Number of protein chains: 4
Amino acid sequence: MTAQTELIRPEAEADEDSAKRRQIIDGARTVFMSQGFDAASMGEIAKAAGVSKGTLYVYFPSKEELFGAIVRQECKAQAEGLFVFDTDDHDVEAVLNRLGNGYAHFLCRKGASSPLRTVIAIAERMPEIGKAFYQTGPERGIKALAAYLDTQNAAGALNVPDTEIAAAQFMDACQSTLFKPVLFNFAPIPNDERIAYVVGIAVRTFLAAYRPR
Amino acid sequence: MTAQTELIRPEAEADEDSAKRRQIIDGARTVFMSQGFDAASMGEIAKAAGVSKGTLYVYFPSKEELFGAIVRQECKAQAEGLFVFDTDDHDVEAVLNRLGNGYAHFLCRKGASSPLRTVIAIAERMPEIGKAFYQTGPERGIKALAAYLDTQNAAGALNVPDTEIAAAQFMDACQSTLFKPVLFNFAPIPNDERIAYVVGIAVRTFLAAYRPR
Amino acid sequence: MTAQTELIRPEAEADEDSAKRRQIIDGARTVFMSQGFDAASMGEIAKAAGVSKGTLYVYFPSKEELFGAIVRQECKAQAEGLFVFDTDDHDVEAVLNRLGNGYAHFLCRKGASSPLRTVIAIAERMPEIGKAFYQTGPERGIKALAAYLDTQNAAGALNVPDTEIAAAQFMDACQSTLFKPVLFNFAPIPNDERIAYVVGIAVRTFLAAYRPR
Amino acid sequence: MTAQTELIRPEAEADEDSAKRRQIIDGARTVFMSQGFDAASMGEIAKAAGVSKGTLYVYFPSKEELFGAIVRQECKAQAEGLFVFDTDDHDVEAVLNRLGNGYAHFLCRKGASSPLRTVIAIAERMPEIGKAFYQTGPERGIKALAAYLDTQNAAGALNVPDTEIAAAQFMDACQSTLFKPVLFNFAPIPNDERIAYVVGIAVRTFLAAYRPR
DNA sequence: GATGAATGAGCCTTCATTCAT
DNA sequence: AATGAATGAAGGCTCATTCAT
């Protein structure tokens, strides 16, 4: 039985997840995300990953494919756990505040803008990458919030005619004046206080519009 | 006569605004804004401008400088005339609707995303360009709207505690769900109806929060 | 018994003729002869042979050596059985016709040109290979035919002063206008009729010159 | 009038025949013809031509194109003036002897085999090049000789049923045993005497078959 | 001032070969 | 013996930049 179990062992590093592969992806992310697709060179990536240039091509057939793998991985990492709601939590104000602050922090945090810039830049030539990024990122967040709003509509805690648009507008309002200066790369990361202030206004506006009188 | 001829030419090589210079800038804008900084080649730019590659370097010392000049010029063209308000117009709802629709159309219009992608991409390496773009574009719009809101506060038509943030959040709300899919390059330009619908919600939300009871 | 077993296996790892070695040679021939020395890659050869790249180097120390082995083997396969003569057959016309047609078919047949091109190409850099190919191929044919002509001289059926040159000229005449267009890779394989026509003229010319009056 | 004449002057070096272009072609021929297409590197060609690698690509868009230009030029140089016949010269034996010796010398001369090997090698991948080479070389020679034979048929000096095949077979016979060892790159260039001997046999055979009794 | 020929550094990619397992 | 992961030296080609005319 033990022997059998051993035989079953699922060929742990099937190439899809070997150490070298991860090593390459890590090096490539660093370089791609800080330089952009064009300015990143395979040589630099190889050096950053600590492998030879040839090895890069053992794992990825081209620069494009390597880049695609990076972005796909980056997508999964977006806002993990941020858009998780407790349906039974009817304190909408608190929920929105928590979400808004988390979201603004996530967006403006150090290192968040580079990947975003890189993806936006490449979207011109590789639309599928732009689409994948949007759908696994912003869109999923909006949909999740909208679903929560639906439950609160049903619970009578809110009265939102179009929950999806309300959700999107709320998310956008939470980063107004905060994120664009970071994205355009000339402003320091806003501090907690400032973020809380802006999110507070967003929440108040939202509730003024959608809280049942 | 020869002397006179010489005297007539007013500032012969004004460099800053010669026809050739404009010609180059025009050609360069087309190429830069549609391909991005890295993918654009000086050769292609020269061809688009109808001059020789050497001439490019007579007017601009490097590709970077030429690109900077393009973006600086592009900034000036942003949303011209969109953020012009009639202070005496107290029909805030109408004003916001007009502005919101104009803004969303402007953002999502064909050809608008490429330059934006290009600027965002280069902001990583050239922060001053990102700054210049933001300040002459989004920021100016926000400031202009905030100023109008100030006047309406004063006139008693509104009650907005922080007009700058309110302005920014309103602008952002007008493009929610509309612009990002275009920026990420996978969705068609939204139609007028859809835009009006989203803007309508933004306006209602704004007024619900800020119209004096 | 054990001893016997050991004694039985005649030259266990004869290296020179192991199954793996033959396997590699077979795969390599396909690739080398259809792509040429430079265009053939060791990777492709490994795949064609169904072994790993590393194994190639277990049997052959370099690409050059492997190629050499292929060509040496290819030499042996040249025109097997074509240049076999019945010394007692005094119907020279029939013998030459049979030989000429067989030779022209052999030269022009599908797949014959690629190896030839490959050998000619490599002769520049590896003269020994060119020499081996010529001597085991064309030269052997010429010598064999010359020997037959000698016997017919002796039998009084022919009167050929220089049988070796006569043999070579006859062989060449049999493929005139037929083979070069195939070798230069722009003409289809000539049909049987055309071949028979050209060979017929070669035979008539030969007999006109060398048949005793 | 003089001025006008000057203006008309046809822009002498239209790029098609500039000194640099010739310089590149010369360098490229040396390298291509001695190494073959694949083994020749653009870097080595640049060095041989005394220009930079970039300059190569100013004049030729790719390695293939450059190679094609070399071969096209090489075609023109084939057997210039060898296949010129005096129709009124009825001394066929002398004509054929002169032609045969010239042809064999031309084929076997130092430096002649390399281009041939190179063209044969590349014919696998670039059939048009093989075709162009054959048609401007061997074929033209055959056609020219056939035309001469036609005139001598008409003049009653010969009786050749198929002049084209007779021409081709004669040409081939002139190099039998001589050229292949050179092509396969292991034999020294045959001396004049040996050539004359082989050609002499070819001529005798031809006349035995085709001289009217 | 304007040109365009020329450059050379650098890019992505391939491939013969090696070596630990 | 056999593997296949890893390497590093090229290779073809592009392009920002320079400079003689």
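Since the structure is predicted, the reported quantities are computational estimates derived from the model, not experimental observations.
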Original post:
When Watson-Crick pairs (N1 to N3 and N6-O4 or O6-N4) and G-U wobble pairs (N1-O2 and O6-N3) count only below 3.5 Å on both distances, what is the dot-bracket string of DNA chain E, with | for other-strand pairs?
Top reply: .||||||||||||||||||||

**OP:** Kindly point out which of E:dG4, E:dA6, F:dT3 is positioned nearest to the side chain of D:Thr55?
**Re:** E:dA6

Original post:
To the nearest angstrom, how far is D:Tyr59 atom OH from E:dG4 atom P?
Top reply: 13 Å

**OP:** Just jot down the side chain to side chain contact (heavy atoms under 4.5 Å, CB included) partners of D:Ala123, sequence neighbours excluded, or say none.
**Re:** C:Arg117, C:Asn185

Subject >> Length of the line joining A:Lys20:NZ and F:dG4:P, which is rounded to integer Å >> reply: 17 Å

**OP:** Look at A:Ser52 and F:dT7 and indicate whether a side-chain polar atom (N or O) is within less than 4.0 Å of OP1 or OP2.
**Re:** yes

**OP:** Using only heavy-atom distances, determine whether the side chains of D:Ser114 and C:Glu124 contain a donor-acceptor pair under 3.5 Å.
**Re:** yes

Original post:
So which one's nearest nucleotide on DNA chain E is more toward 5', A:Glu44 or B:Gly54?
Top reply: B:Gly54

Subject >> Gap between atoms CZ and C1', on D:Phe67 and F:dC13 respectively (whole Å) >> reply: 19 Å

Subject >> Contact check, side chains of C:Arg21 and C:Ile24, non-hydrogen atoms, under 4.5 Å >> reply: no

Original post:
So do A:Met42 and A:Leu66 actually touch side chain to side chain, heavy atoms under 4.5 Å?
Top reply: yes

**OP:** Could you check C:Glu64 against A:Glu64 and say which one's nearest nucleotide on DNA chain E is further toward the 5' end?
**Re:** A:Glu64

Original post:
In whole Å, what is the span from the CG atom of C:Leu66 to the C1' atom of E:dA16?
Top reply: 12 Å

Original post:
How close or far is atom C1' of F:dC15 from atom CG of D:Leu56, stated in whole angstroms?
Top reply: 16 Å

Subject >> Among F:dC13, E:dT3, E:dT17, the one nearest C:Lys63 by side-chain distance >> reply: E:dT17

Original post:
Does the base of E:dT7 carry an N or O that pairs as donor and acceptor with the side chain of D:Lys53 under 3.5 Å?
Top reply: no

Subject >> Spacing between A:Arg21 atom CZ and F:dG4 atom P, to the nearest angstrom >> reply: 18 Å

**OP:** Please determine, for the side chain of C:Tyr57, which listed nucleotide (E:dT7, E:dA5, E:dT18) has the closest atom?
**Re:** E:dT18

**OP:** Assess whether side chain to side chain contact (heavy atoms under 4.5 Å, CB included) is satisfied between C:Thr55 and C:Tyr59, documenting all intermediate values.
**Re:** CA-CA 7 Å; C:Thr55 305; C:Tyr59 290 87; 3.8 Å; yes

Subject >> Separation between CD of B:Glu128 and CD1 of B:Ile122, rounded to the nearest 0.5 Å >> reply: 10.0 Å

**OP:** Would you kindly give the CD1-to-C1' distance between A:Ile45 and E:dC11, to the nearest whole Å?
**Re:** 12 Å

Subject >> Minimum-distance nucleotide (side-chain atoms of A:Ser62 versus E:dT13, E:dA5, F:dA6) >> reply: E:dT13

**OP:** Compare all side-chain heavy atoms of B:Lys53 with those of B:Lys47 and state whether any distance is below 4.5 angstrom.
**Re:** no

Original post:
Can you tell me how far P of E:dA2 sits from CZ of B:Phe60, to the nearest Å?
Top reply: 12 Å

**OP:** Report yes if some heavy atom in the side chain of C:Phe37 is under 4.5 Å from a heavy atom in the side chain of D:Asp38; otherwise report no.
**Re:** no

**OP:** Evaluate the side-chain proximity of A:Phe133 to A:Leu116: yes if any heavy-atom separation is below 4.5 Å, no if none is.
**Re:** yes

Original post:
Quick one, which residues of residues 23-43 of chain A touch DNA chain F with a heavy atom under 4.0 Å?
Top reply: none

Original post:
In terms of side-chain heavy atoms of D:Val58, which of F:dA16, E:dC12, E:dT7 is nearest?
Top reply: E:dT7

Original post:
Would you say the side chain of D:Phe32 lies within less than 4.5 Å of the side chain of D:Val71, judging by non-hydrogen atoms?
Top reply: no

